Every structure is written in structure tokens, then in C-alpha cells.
Asker: 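Starting off with a structure, shown below.
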Amino acid sequence: MIRPTLHCPCDRRFDEPAFTYDTPPAGETRFDLGAQTYCRSYSRCRLCGHWYAEHKLDLANLYGGAYVESTYGTRMRQTFERILALPPEQSDNVGRVARLLAFTASFFPVGKKPSLLDVGSGLGVFPYRMKAAGWSCTALDPDPRAAAHAKDVVGVQAVTGDFMTIGPDRLGRFDVVTFNKVLEHIEDPVAMLSKASRHLNPGGFVYVEVPDAEGAASEGPGREEFFIEHHHAFSPASIAMTAERAGFRVEVLERLREPSTKFTIRAFMTLAPTGKSI
Ligand SMILES: [Zn+2]
């Protein structure tokens, strides 16, 4: 069964088997798969370096309640506070915020306090820190508990909804739209990223973080970048193609190893001048 993927120009002519799993790797969340047998694999494209998951498991119920329940249980507040209390050198979010503020300083007029939409906000540590920097933040999450947590604990505006289907009138427009470790969870990341243009103010930008496939693969199949909830792991080329196809242009692209040990690619994107996707 071939699932929707990046639809890169390689057209699967250069793909090859990479990793195969018949049991969950250590550390992976044990999702309730019902009667389904655990079996999945990753393929990689030799040309563009993109990796994508292939399996027949029905993950339709992964998100919403099941994902939050498996990942955070009922302890969202405690987990939020624990991550917030991490020393700066151990915090992925501290580096993320610093990078965004540095880019913003050279992108927007001096003194501007941008509005931000964080898609798939989860625990909300990132919007919390951006709010502390003076930004106006809105958290969007498909799970009502995550949205309630964002509103009541994180203290930002929060909307419950699916970014793929939510109407522009319910969400509005922002100076910055962020996807922090979100696109890899989506079968069709181009479709999701392309929707960002509906919520972006003129002159704004999109910030994306995704797993770096090559970096992660160098440490073998047990890396979290290849866990079951991820359909994709990217290369610099494949995230650039994803951006192009979604109607964006990559302004800055960086590979990094985060304090949490995650291998990550981050990219700042603006709407392509033609406003047209390829
Ligand atoms: Zn390819």
C-alpha cells in the first residue's frame, strides 16, 4: 500500500528500502493498534534524500485524544512546567526562540511585535516563551485538552481545530506561522504547508522544523525521528521541494543537533513571488 507522500520529482524511481520494524523501537509510544499486527518500514529516496514510512496500520485515531493520552496522560501541566524549568543548555525551545528572534530582528521593522500562530501547539512551551518575548500568540491544536491547556495554563489564545479544514474566518491571519515538528506527522506535508498562505499576513514568514533523516539514520533505526507517528523524515533538498510545491521559498535553511539529541532541519520561508506552486 503506497500512502500519499511528498510526490517528489523522483517519482519513486530512486527509492530503496531502509529500515524495517516488526516491534516498536525502545521509547516509542505504545499506541493501541487493536487487532493490527505491528509491522512497518521506511524507504528512502537516493536522489533527494527524503525518507517516508510505509505500512498498512490504521493510524486514523492516533491524534486527538489518543495521542495526547499516550504522550502526556493527564499530566500536561506537570510536563509543561518540567520542560519550562529545563536549564537553557538542555532546552530545545530556548534555542528555537533565540533563532526566531534573531531572524525576526532582520526581517521585520524595528520594534514590531509580531503575531504568531503555532500549528500543533501540544504542550505550548514554545508559544509561552514567544509570548514572554512580547509576541501575540495563538495556539492551534486538534485536541481540545491541548487547546484548553494552552489557554488556561500557557496563557495564550487557543483554538481547537484541524489546520487542514479550519476556515480562515475562525483562525485569522498572522505575521508568523510556525510548524514545530508537525509536518512529519502528516501524510501530505505539501497540502498542510500550502494552507499556511491563508493565514499569513503580507510580508510575513513561515518557520518549519522537521526531522533530519540523514543525521538520524547515522545513528540507526532506533532513533525517535523514525517512530511510528512520523510519516516523513526530510533532507535539505526535500524540505526545499516541499516549500516550493506549497508556494513558498526557503530564505534560510539550517541543520542542527538539538539539546534533546534530535536531528533537526529548520527553515524560514516566505511566500514565493509568483504565489504559485509548482
Ligand atoms: Zn526523491
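Treat the numbers as computed from the prediction; the structure is a model and nothing was measured. Both backbone and side-chain heavy atoms feed into the values below; hydrogens, waters and symmetry mates do not.
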Asker: Got a sec, which hydrophobics cluster with Phe227, joining ILVMFWY side chains under 4.5 Å apart, including via others?
Answerer: none

Asker: Sort and list the pairs that fulfil salt bridge (Lys or Arg N to Asp or Glu O under 4.0 Å) and have at least one residue in residues 108-124, not counting sequence neighbours.
Answerer: Lys112-Asp175

Asker: Ignoring hydrogens and angles, write down the donor-acceptor pairs under 3.5 Å from the side chains of residues 119-137, residues two or more places apart or on other chains.
Answerer:
{"from": "Arg129", "atom 1": "NH2", "to": "Leu84", "atom 2": "O", "distance (Å)": "3.2"}
{"from": "Lys131", "atom 1": "NZ", "to": "Gly155", "atom 2": "O", "distance (Å)": "2.8"}

Asker: Could you work out, with salt bridge (charged side-chain N to carboxylate O under 4.0 Å, His left out) as the rule, every residue matching Glu184, not counting sequence neighbours?
Answerer: none

Asker: Quick check against the 3.5 Å criterion: does His230 have a side-chain atom that pairs as donor or acceptor with the backbone of Glu224?
Answerer: yes

Asker: For Tyr42, enumerate each residue passing the ring pair (Phe, Tyr, Trp, His ring centres under 6.0 Å) test, keeping only those at least two apart in sequence or located in another chain.
Answerer: Phe226

Asker: Are Phe248 and Phe205 an aromatic pair by the rule of ring centers under 6.0 Å?
Answerer: no

Asker: Identify each donor-acceptor pair in which a side-chain atom of residues 14-26 lies under 3.5 Å from a protein atom, sequence neighbours left out, and give them as a table.
Answerer:
{"from": "Asp15", "atom 1": "OD2", "to": "Tyr52", "atom 2": "OH", "distance (Å)": "3.1"}
{"from": "Glu16", "atom 1": "OE2", "to": "Arg44", "atom 2": "NH1", "distance (Å)": "2.5"}
{"from": "Tyr21", "atom 1": "OH", "to": "Pro221", "atom 2": "O", "distance (Å)": "2.7"}

Asker: Who pairs with Glu254 by side-chain hydrogen bond (donor to acceptor under 3.5 Å, both in side chains), at least two apart in sequence or on another chain?
Answerer: Arg99, Arg266

Asker: Name all residues meeting the side-chain hydrogen bond (donor to acceptor under 3.5 Å, both in side chains) criterion together with Arg173; count only those two or more places apart in sequence or in a different chain, and write none if there are none.
Answerer: none

Asker: Write out all pairs satisfying salt bridge (Lys or Arg N to Asp or Glu O under 4.0 Å) with one or both partners inside residues 203-213, taking only residues at least two apart or from two chains.
Answerer: Arg96-Glu209, Lys181-Glu209, Asp212-Arg255

Asker: Other hydrophobic cluster members with Val94, side-chain heavy atoms of Ile/Leu/Val/Met/Phe/Trp/Tyr under 4.5 Å, chained?
Answerer: none

Asker: My understanding is that only residues two or more places apart in sequence, or in another chain, count here; which of them pass side-chain hydrogen bond (donor to acceptor under 3.5 Å, both in side chains) with Ser260?
Answerer: Asp92

Asker: Tell me, please, which residues at least two apart from Ser91 pass side-chain hydrogen bond (donor to acceptor under 3.5 Å, both in side chains).
Answerer: none

